[in-house]
Amino acid sequence: MARKKLWGGRFAADEDPLFKEFNDSLPFDRELLEADVAGSLAYARALERAGVFGRKDRLAVEKGLRAVLDEALRNPQAVAESGAEDVHSYVEGALADKVGALALKLHTGRSRNDQVATDLRLHLKRREGEIAALLDGFLRVLGALAARHPHAVIPGYTHLQRAQPVLFAHYILAYGEMFLRDRDRLRDALRRIDVCPLGSGAISGTVYPVGREELARDLGFASASANSMDAVADRDFALDFLFFASALAMHLSRLAEDFILYNSSEFAFVQMDDSVSSGSSLMPQKKNPDALELLRGKAGRVYGHLVALLTVLKGLPMTYNKDLQEDKEGLFDAVRTVDQCLRMACRVFEKVSIREERMRSATALGYLNATELADYLVAKGMPFREAHGLVGKVVMRASELDVPLEELPLEEYRGFSPLFGEDLYGCLTLETVVGRRRERGGTAPGAVRQALAQFRKRIGRG
Ligand code: ARG
């Protein structure tokens, strides 16, 4: 059914169909339908407080709105095909079919400007809550992965060169910290989105005593907005989400990249589950880590949405401008993408298998205990800088002979410094190298055990 415009009064000529297609937002803002109905339900109660609606009117409008929502949920196709300009026009038109003129009264003192800002906040706040729960779930998956392999060691890398050995759990908890910061960012976004613009009117506030604080509370917001112009012009809450989403996507991408490398036959530290891998149409031997590659790749579109909205907002004159309608598609896509990525990441990291023996043997190559040898000389009184240079030479000699430091004979060591004694070999074992980093934040088993316990507390699992 074609709907009447909300604003036809001052127009003599009809809309150009091309303009209609260009201008209409219903194809994407119908995602806000539930929020729009919730906003209108609360606004009907506010109008009763203001004396615009009698009790009976309000009850009739409420009943009508619930029926509109019901029908829309049952038949979304009918909404899509209604030809309405946007979700607000659709709801108003469908309500008018049920309750007649009362539907038109519902817009008293309200503008689509404060309405759309309210709808978007309501909708995004709910989705943020859902994403927070998914992120909590993923943090638990990471905690469980670390806990499953308390003794595994892995080479730690800088510049993608083997640097120092660390516990696998320590490495996983490094990502845990990153995702905990993402959780903080999301909580922050949730705090700032919790403000209700409704009752700001088009720009300057409302003449009807709707009781804005009550209206805000009725909709589950913590407070009513402080400035009517800011209320209709602001989309910072959407940026907050997009920045959170970008940081999260970036962290997922880094984690995915590590595991793509570790899953390759060159590393072979981990093995992806068949259920989240795919094959090649040509090469029968292939098993590709597609889930991880997509987790890495999705970051691009999320960043894109952040930059797009920043760019839309830049240079916008106060207050509402139609440019703001461009806030939605990217935001909705970012919400869906992050939601899907978190679900996928849970699945992938629940099912990944860890090849502890491969990781351990990789720590034996590449002189990962060289720092420990320098510390040995420091303990014997040599300044660290000097020890660093000397051990560099020792490493050069050992690689000439193609042996690890623990297999270089004592006479060789003595040739470099008389400080070297038989006890140096005790310093070079993996257990010593890992086990001596006992201070908070280090990789010694005791420190990591404590860190894991702390981590579990922080994610809400004591
Ligand atoms: N579809 C519009 C949007 O998303 C709703 C607000 C329209 N307001 C206006 N004054 N034309 O921004």
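Counting convention: from 1, in listed order, for ligands and their atoms alike.
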Query - Verdict with reasoning, N23 to K322, per side-chain hydrogen bond (donor to acceptor under 3.5 Å, both in side chains) - result: CA-CA 9 Å; N23 185 52; K322 197 57 171 272; 2.8 Å; yes
Report all N/O contacts between ligand 1 and the protein shorter than 3.5 Å as a table of atom names and distances to 0.1 Å; if there are none, say 'none'.
residue  : atom   : partner : partner atom : Å
ligand 1 : 1 (N)  : S25     : OG           : 3.0
ligand 1 : 1 (N)  : D86     : OD2          : 3.4
ligand 1 : 1 (N)  : Q325    : OE1          : 2.7
ligand 1 : 4 (O)  : K328    : NZ           : 2.4
ligand 1 : 8 (N)  : N113    : OD1          : 3.1
ligand 1 : 10 (N) : N113    : OD1          : 2.9
ligand 1 : 12 (O) : Y320    : OH           : 2.4

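Taking the six-membered ring where tryptophan is involved, the planes of Y262 and F269 are tilted, since the angle between them lies from 30° to 60°.
In this structure, the side-chain hydrogen bond (donor to acceptor under 3.5 Å, both in side chains) partners of D339, at least two apart in sequence or on a different chain, are R127, R343.
A salt bridge links D234 to R121: at least one charged side-chain nitrogen sits closer than 4.0 Å to a carboxylate oxygen. Note on R45 versus D218: salt bridge recorded, some NZ/NE/NH1/NH2 to OD/OE distance being below 4.0 Å. Under the 4.0 Å criterion applied to side-chain N and carboxylate O atoms, D188 and R191 are assigned as salt-bridge partners.
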